[in-house]
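To start, the structure under review is shown below, and the notes come after it.
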Amino acid sequence: MSGPDPVIIAESLTKEFRVAERRPGLLGSLATLFTREHRLVRAVDGVSFQIPAGSRTAYIGANGAGKSTTIKMLTGIMTPTSGRCLVAGVEPYRERQRNARSIGVVFGQRSQLWWDLSVPDSFRILRRIYDIPEPVYRRNLALYGDLLDIDALGTTPVRQLSLGQRMRAEIAASLLHDPAVVFWDEPTIGLDMVLKEAVRVLVNRANRELGTTVVLTSHDIGDIAAICDTALVVDRGRVVHQGTLHDLLRTADRRSVTFDHRDPLPVSAVLERIERGLPGARAGEDEGGRVRVEYPVELFTSRQVLAFLLEHFDLTDCYAPEPDLEDVLRRVYEGAGDAGGSPHVRPAGRAESGAA
Ligand SMILES: Nc1ncnc2c1ncn2[C@@H]1O[C@H](COP(=O)(O)OP(=O)(O)O)[C@@H](O)[C@H]1O
Ligand SMILES: [Mg+2]
């Protein structure tokens, strides 16, 4: 990819887990204790990509597609089985300390904060660990504290916060040291609409003002649309699409056209005329009383659909909205048909337990 230098490079990144095969029932569990059947789960399967500095990338894929595992390698929490990655010039799992200074991390499922400490105490420790200059710390505390209402969290230990409260603290913590890259894995879990909006404003501001590179996974399509300009789509551990969010929309398999007309016809007759004339398309009336035609791109081009409408109706208004991100993502999340995102699995033979 040309343009700005890549700040993240993944080369044939692979992660396999060795998992004990469970047998059903109590006897099965006992059997598992003694003779273990193992299998290797390849959660990430030779993934290569580059992410340009300053971009905002949505890391998209079905549950189990390997998103979190990839992010754990990129953040140094896990070492790859093979392949490697570089983040801001550092191989994260080799130089965890150096890496920690240039990245910010949020895992919706797993806290990065000190469980028994209050949020202000956690922040003070982060300040020391990252050696954040006083003016930067104050500026960020004020900015992020204000947007996320951190003061309201008081001195309650993190373990007693609600999920939404904890996520606010996690997000602020991830940005406190002006990291070059933030990895946010499901960061808006548990947040209401107002806070989601605050999070979007905040990360966009960091990106615009500090050039922070953002890597985001989210099942919230609103997050992706509001934050990201680029999409990296993985399926069963492999990259299946990388490009702008706009390119991704163009992979939509359905399009739609909405129009108004002045023909003196009952709606049912209009819809019938369309579905008969464009077999495979679906017509309906939207909330505003306009007619909406949805068609598979493998059957019709937008030109054909428009030509048909012009020929058969007296159009007064007509527009073709951008394909729906939600439709496109639903297809991705559902997996392209078959195993729906389950990773490659192969037996790893038998292993006797005993040696730990
Ligand atoms: N620590 C682990 N041990 C064994 N299997 C794991 C572990 N972490 C993840 N997996 C498996 O790897 C696959 C990918 O998981 P994950 O990276 O969490 O996917 P995603 O974040 O895309 O939902 C899943 O099948 C998951 O069960
Ligand atoms: Mg995940």
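Note: hydrogens, waters and symmetry copies are ignored here, and every other heavy atom, side chains too, is used. A quick note: this is a predicted structure, and the numbers were derived from the prediction, not measured. In listed order, ligands and their atoms are each counted from 1.
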Could you say whether the N/O atoms of [X] and ligand 1 ever approach to under 3.5 Å?
X     : result
Lys67 : yes
Ala43 : no
Phe17 : no
Val41 : no

* Asked: Above 12 or not: heavy atoms from other molecules or residues under 6.0 Å from CD of Glu134?
  ->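 Enclosed.
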* Flag yes if more than 12 heavy atoms outside Arg138 fall under 6.0 Å of its CZ atom; otherwise flag no. =>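 No, not enclosed.
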* Asked: Honestly curious: do Ile8 and Val239 fall in one hydrophobic cluster under the side-chain, below-4.5 Å linking rule?
  ->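 Yes; Val239 is reachable from Ile8 via cluster members.
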* Is there a path of hydrophobic side-chain contacts, each under 4.5 Å between heavy atoms of I, L, V, M, F, W or Y residues, that connects Ile51 with Val90? ->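 They do not share one cluster, since no chain of ILVMFWY contacts under 4.5 Å joins Ile51 to Val90.
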Element-labelled atoms of ligand 1 that are located less than 4.0 Å from some non-hydrogen atom of [X]:
X     : value
Thr69 : 9 (C), 15 (O), 16 (P), 17 (O)
Ala62 : 22 (O)
Ser68 : 17 (O), 18 (O), 20 (P), 21 (O)
Asn63 : 23 (O)

Less than 4.0 Å between a side-chain N and a carboxylate O, is that true for [Y] and [X]?
X      : Y      : answer
Lys67  : Asp185 : no
Asp286 : Arg292 : no
Asp178 : Arg139 : yes

* **Distance-only polar pair, side chains of Ser111 and Glu170, donor-acceptor under 3.5 Å** =>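 Judged by distance alone, the side chains do pair up.
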* To do: Please work out whether any backbone atom (N, CA, C, O) or any side-chain heavy atom from C-beta onward of Val19 is under 4.0 Å from ligand 1, and answer side chain, backbone, both or neither.
  =>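 Just the side chain.
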* **Any Gly61 heavy atom less than 4.0 Å to ligand 1** =>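 Heavy atoms of Gly61 never come under 4.0 Å of ligand 1.
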* Is Ser68 close enough that one of its N/O/S atoms sits under 2.8 Å from the Mg ion (ligand 2)? ->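 Yes.
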